[in-house]
A.B. asks: 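Before anything else, here's the structure in question.
In each ligand, atom 1 is the first atom listed, and ligand 1 is the first ligand listed.
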Amino acid sequence: MKKIFINGSPRKNWNTAKLLKSAEEGAKAAGAETTFINLYDLIFTGCRSCMACKRKGISEPCKCYWKDGLYPVLEEVYKADHLVIGSPVYFSEPTAMVRAFLERVTFPPLSYNDYSSTFKGKIDTDVILTMNIPEKMYKDAYEERIKAFFEPFNYLNGETRLHPVCDTLQVSDYSKYDMASFSEEHKKEVHDTSFQDSLKVAYEIGGMQSV
Ligand SMILES: Cc1cc2nc3c(=O)[nH]c(=O)nc-3n(C[C@H](O)[C@H](O)[C@H](O)COP(=O)(O)O)c2cc1C
């Protein structure tokens with residue numbers, strides 16, 4: 001089983017990355033072949049609307065033909081069984097790089113003939129979202145719009161599951177920053193308790209076998 005882990009945070013060792021690394025460990029323990037990608041290391045853009053993936057007579061319809069830093073990653077993703085993508089929430093949405101990735105990976109399989117998917121495989125996608133707000137606020141204010149945001153993953157023919165990880169520790173020493181609306185004590189307590197549980201959940205997510 002081939003699993004791809006995509007870090008959509010610019011930070012390589014913070015909340016999102018830690019959860020994804022735990023998920024990758026779970027996958028490895030379950031015997032999967034894994035690849036870990038930091039999106040912010042790559043030079044790429046969102047869909048360029050080159051329309052190469054919609055040209056009549058192309059040998060591979062489900063392929064992104066735009067050759068930038070994401071090109072080899074997309075080739076790997078289409079061969080995977082399971083995609084685990086993590087993103088911090090920035091202004092109520094996943095990060096710009098995650099949006100760009102989403103456009104690039106889901107526009108090629110979208111058929112403009114009948115809106116079906118031209119992708120022959122099936123990739124289940126788990127989305128790990130980290131954010132400052134508490135879980136209740138996520139449910140009330142973010143969940144529906146973020147679900148809608150990731151709907152294009154349906155063109156990969158699998159299930160898309162969201163996993164919110166709320167109230168994250170944003171910096172290690174709040175006293176050094178103008179961040180008076182947050183309580184460092186509370187953030188550290190959440191980090192030492194529910195964030196540790198989320199790491200275990202991420203491990204399980206990584207180890208899940210597709211059905
Ligand atoms: C530019 C920016 C915008 C943010 N916007 C939000 C937001 O709208 N809602 C929220 O809950 N957290 C927001 N955050 C906080 C991050 O989502 C949160 O700290 C996240 O866990 C960071 O992930 P990381 O530690 O993997 O980098 C924002 C952070 C940044 C840097």
A.B. asks: Check this for me - ligand 1, T16, N or O atoms closer than 3.5 angstrom, yes or no?
C.D. replies: yes

A.B. asks: Would you check the N or O atoms of F91, main chain and side chain alike, for any that come under 3.5 Å of an N or O of ligand 1?
C.D. replies: yes

A.B. asks: Is there any N or O on I133 that sits under 3.5 Å from an N or O of ligand 1?
C.D. replies: yes

A.B. asks: Among all protein heavy atoms, pick out the one at the shortest distance from atom 29 (C) of ligand 1; state its residue, atom name and that distance to 0.1 Å.
C.D. replies: Q170 NE2, 3.5 Å

A.B. asks: I want to know whether Y115 and Y155 have ring centres closer than 6.0 Å.
C.D. replies: no

A.B. asks: Considering only the protein, which heavy-atom contact is closest to atom 18 (C) of ligand 1, and what is its distance?
C.D. replies: T168 OG1, 3.6 Å

A.B. asks: When you measure from the centre of the six-membered ring of Y71, is the NZ or CZ of K67 closer than 6.0 Å and no more than 45° off the axis?
C.D. replies: yes

A.B. asks: Classify the side-chain pair D167/H186 by whether it contains a donor and acceptor separated by less than 3.5 Å.
C.D. replies: yes

A.B. asks: Out of N7, N15, N132, N13, who gets a non-hydrogen atom closest to atom 25 (O) of ligand 1?
C.D. replies: N15

A.B. asks: Parallel, tilted or perpendicular: which fits the ring planes of F5 and F36, with parallel below 30° and perpendicular above 60°?
C.D. replies: parallel

A.B. asks: About how many Å separate CD1 of I85 and CG of L102, when rounded to the nearest 0.5 Å?
C.D. replies: 7.5 Å

A.B. asks: Cation-pi between K147 and Y142: NZ/CZ under 6.0 Å from ring centre and within 45° of the ring axis?
C.D. replies: no

A.B. asks: As an exercise, identify every atom of ligand 1 less than 4.0 angstrom from a heavy atom of P88.
C.D. replies: 17 (O), 20 (C), 22 (C), 23 (O)

A.B. asks: Identify, by atom number and element, the atoms of ligand 1 in contact range of R11, meaning under 4.0 Å from any of its heavy atoms.
C.D. replies: 24 (P), 25 (O), 27 (O)

A.B. asks: From I58 CD1 over to T118 OG1, what is the distance, rounded to the nearest 0.5 angstrom?
C.D. replies: 8.0 Å

A.B. asks: Could you tell me whether ligand 1 has any atom less than 4.0 Å away from a heavy atom of Y142?
C.D. replies: yes

A.B. asks: How would you list, by chain and number, every residue that makes a side chain to side chain contact (heavy atoms under 4.5 Å, CB included) with L42, sequence neighbours excluded?
C.D. replies: I37, L39, F44, L70, V73

A.B. asks: Atom 2 (C) of ligand 1: which protein heavy atom is closest, and how many Å away?
C.D. replies: Y90 CD1, 3.5 Å

A.B. asks: Just to be sure I'm reading this right: ignoring hydrogens, which of L169, L19, V89 gets closest to atom 14 (N) of ligand 1? Compare them by their nearest heavy atoms.
C.D. replies: V89

